[in-house]
Amino acid sequence: MNGPQLLEQHVGKLTTRMGAFFPGERAVFRGYDLHTSLKDMNWLELFLFGITGRRFTPQQISVVQGLWCYSSYPDPRLWNNRVAALAGTARSTGSLGITAALAVSEAQIYGGIAEQRAAEFLIRARICVNAGTDLTELVRAEIKQKRGIGGYGRPIVSADERIAPVMALVREQGLDGGEHFKLAFEVERILLEGRWRLRMNIVALSAALCADMGMSPREYYIACMMAFFAGMPPCYLDAVEKPEGQLFPLPCRMLSYEGAPRRRWRAAPVHSPAGGR
Amino acid sequence: METIHTRIWQEEAEPDNAFAAQSCHCHGYDVYGELLKQASWIEYLFLMFRGEAPAPEQARLLEGLAIALANPGPRDAAVHAAMCGGVGGSTSASCLMAALAVGAGASGGAREVMLAMENWNERGADLALWQTGLAIKPVADPASVWPAPGHPPGFDPYGVRCATPVLQTLAHLAGLGCGITLAWLHEHRALLESAAGLPLAMTGVAAAALHDLGCTPAQGEMLFLLLRLPGAAAHALEQKDYGHKNFPFFRIELENDPGPVQGVGKHIEVNA
């Protein structure tokens, strides 16, 4: 069967196990009736069920919730939050500002990209270590190849104030015994004792905890999408409730120009018919 | 004082207002005093990304590419996404955000262009390198947020032969005489398609054109996102007028439908 024939099979319909809405009747969510079978799930449980197809224990839900709460800072200086706040000061809508801020949270030095990287490393490292690989060598090879390890080190400051409250919650919920959890600390020990001097940040800790809950790197990355979310609406609201344009206004002097010197556009510019006019 | 560093933009403030620019220079050129009257939009666009005024053939190539990419049509996933916004009366920005999000992908989107441009950087006009590279199936990187592309970048995963608009675009752009990539692609298309087992796609032509324009893969990714927005915008507005009753809703077949549930229904086993 060639390409177009393959596509023809899918025209106008989708076959799926994820769910559907039956207008005026009911809704099915991953094989369960949303309004009866799943009616007692709270939002976070449903969200994680939607991602993984599995249900989590109250202790696990409590830890995931803690991970999100402890990373939600209503500080508009943070780059992702600033997008929400700028939307407010520019009198854009809350949905546009906050969803753009969420999208921006998929960043390399924090957020989504770092999260998936950390989860992939810890899951792979556990498999390798269980198969007899030396963890120090694994860490060394990872740094050499990728110039860093997701979840270790942090932009702006090295210490992560979220580690202590998350650890307290994890102990309270009895989830401090997982293999990935222990491995994450072992990696930190190696990084601190070696020449790298990198501390674990919340990304590695939360990736380890979620890996111990059975989440794949992609499931973890999607589950963490809301990790900063609760901090964003206050940034938008504060800006939108203040006079327009007053959030971080930039005077001309704040542009530090480092480019080409002033010059004249060529005397006979490209204004031939094919040149764009 | 904290500042924003830029090699692109220079401003001088009005004497009585530090927040209003009296003059703006882009890469050294006076935007409102000179470019506004003397430059075309395409020339200005090139200048912004590449830092230099384009040569006439570069401006013609970017102009041609901009026309080729401006509207992939309503069947394109990114335009489809924008229309989903339009049809429900969503905000204009959300329609464009939808088009950008969907049109960013590694299958027909900007990520595919970026990956194809990386291939041009690595393989250049070396047919043997291309044939070896195209024989290797793209592999999933579980550490990446980008899902693995299912086909070599720049080729049409469901194509039977190179589509006419792709051929027309390639022939026209290759004939503009800007750089060697497009001309080489035009000449070797059949061999590359044979190595890929797939026909060339518009993303492949765009990647070659952007490579000829001297763009980095990251610049190419951005320009591809940007240049495809006009069609998404126009179609979103059009579907808003048509309304949701004239827009496909499609059919779903559930493989695990529990059916109308009596009472509490079934329960899910808890993890762990």
Side-chain angles (χ1 to χ4, degrees), chain A residues 2-4 6-7 12-17 19-20 25-26 28 31-33 36-37 49 54-57 60 92-93 95-96 99-100 106 112-113 116-117 120-121 213-214 217 221 249-266 269-272 274-277, chain B residues 1-13 18-19 21 25 27-29 34-35 38-43 51 53-54 56 59-60 63 91 93-94 97 101 142-145 157-160 248 250-258 260-261 263-272:
Chain A
N2 68 14
L6 207 58
L7 291 179
K13 71 166 168 80
L14 169 72
T15 305
T16 180
R17 300 179 64 81
E25 273 182 48
R26 62 196 172 95
V28 177
Y32 294 87
D33 188 285
T36 57
S37 299
F49 176 63
R54 301 187 299 277
R55 195 160 183 186
F56 293 81
T57 65
Q60 291 170 329
S92 185
T93 75
S95 184
L96 288 171
T99 51
E106 188 169 76
I113 295 174
Q116 181 143 337
R117 223 177 253 167
E120 188 276 336
F121 171 72
M213 293 178 202
Y221 146 75
L250 299 172
C252 297
R253 65 179 175 276
M254 281 190 74
L255 298 188
S256 174
Y257 181 65
E258 297 159 357
R262 300 227 172 149
R263 47 188 168 168
R264 298 296 304 270
W265 193 250
R266 56 185 166 269
V270 190
H271 284 161
S272 64
R277 275 279 163 97
Chain B
M1 182 179 64
E2 290 184 306
T3 58
I4 292 175
H5 299 268
T6 174
R7 288 183 292 271
I8 299 173
W9 199 256
Q10 185 183 31
E11 289 185 351
E12 280 173 343
F19 295 90
H25 284 73
H27 289 293
Y29 295 109
E34 203 171 20
L35 295 185
Q38 296 189 29
S40 70
W41 185 78
I42 281 293
E43 288 172 319
R60 284 194 288 272
E63 172 105 14
T91 53
S94 74
M97 286 161 73
S144 172
V145 295
Y158 295 105
V160 176
F250 303 125
R251 197 159 48 86
I252 273 196
E253 285 177 9
L254 272 187
E255 294 176 316
N256 53 354
D257 185 3
V261 179
V264 294
K266 59 177 177 172
H267 292 286
I268 311 161
E269 290 299 315
V270 175
N271 191 34

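A quick note: this is a predicted structure, and the numbers were derived from the prediction, not measured. Chain A is the first sequence line, chain B the second, and so forth, proteins listed ahead of strands; every chain is numbered from 1. Below, each value reflects all heavy atoms present in this structure, side chains not excepted, and no hydrogens, waters or symmetry copies.
- Annotation: the span from R263(A) atom CZ to H27(B) atom NE2 amounts to 8.0 Å, rounded to 0.5 Å.
- Distance check, rounded to the nearest 0.5 Å: CD of E2(B) to OG of S256(A) gives 12.5 Å.
- For the side chain to side chain contact (heavy atoms under 4.5 Å, CB included) test, residues two or more places apart in sequence or in another chain that qualify with E12(B) are R262(A), Q22(B), S23(B).
- Here the CG-CZ distance, from L14(A) to R251(B), works out to 10.5 Å after rounding to the nearest 0.5 Å.
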*side chain to side chain contact (heavy atoms under 4.5 Å, CB included) between Q38(B) and R266(A): does it pass, once the steps are laid out?*
CA-CA 9 Å; Q38(B) 296 189 29; R266(A) 56 185 166 269; over 6 Å; no

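- Considering only residues two or more places apart in sequence or on other chains, A101(B) meets the side chain to side chain contact (heavy atoms under 4.5 Å, CB included) condition with none of them.
- For chain A, the nearby parts of P142(B) are the backbone and the side chain; heavy atoms of each come within less than 4.5 Å.
- With respect to chain A, the highest number of heavy-atom pairs below 4.5 Å among A53(B), P248(B), A21(B), G51(B) belongs to A53(B).
- With hydrogens and angles ignored, the 3.5 Å screen pairs a side-chain donor or acceptor of E34(B) with a backbone N or O of W265(A).
- Looking at S94(B), the atoms closer than 4.5 Å to chain A (heavy atoms on both sides) sit in the backbone and in the side chain alike.
- For chain B, the nearby parts of L96(A) are the backbone and the side chain; heavy atoms of each come within less than 4.5 Å.
- Using modelled atom types, one side-chain atom of Q116(A) and one backbone atom of S144(B) make a donor-acceptor pair closer than 3.5 Å.
- Only the backbone of I8(B) has a heavy atom closer than 4.5 Å to any heavy atom of chain A.
- Only the side chain of R26(A) comes within less than 4.5 Å of a heavy atom in chain B; its backbone stays farther off.
- Atom NE2 of H5(B) sits about 14.5 Å away from atom OH of Y257(A), to the nearest 0.5 Å.
- Rounding to the nearest 0.5 Å gives a distance of 8.0 Å between CD of E258(A) and OG1 of T6(B).
- In this structure, chain B has a heavy atom under 4.5 Å from the side chain of P217(A), while its backbone stays farther away.
- The two residues Y221(A) and V145(B) make their nearest non-hydrogen contact at CE1-CG1, 3.5 Å.
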*asked:* I4(B) vs M254(A), test: side chain to side chain contact (heavy atoms under 4.5 Å, CB included). Steps then yes/no.
replied: CA-CA 6 Å; I4(B) 292 175; M254(A) 281 190 74; 5.6 Å; no

*Going through the distances and angles, do T16(A) and L254(B) end up as a side chain to side chain contact (heavy atoms under 4.5 Å, CB included)?*
CA-CA 5 Å; T16(A) 180; L254(B) 272 187; 4.0 Å; yes

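- Contacts between F121(A) and chain B at a heavy-atom distance below 4.5 Å are absent for every atom of the residue.
- In terms of heavy-atom pairs under 4.5 angstrom with chain B, the leader among G259(A), P251(A), P261(A), G19(A) is P251(A).
- Put simply, of M1(B), Q10(B), E11(B), the one with the most heavy-atom pairs under 4.5 Å next to chain A is Q10(B).
- Using a 4.5 Å cut-off between heavy atoms, T93(A) contacts chain B through its side chain alone, with no backbone atom that close.
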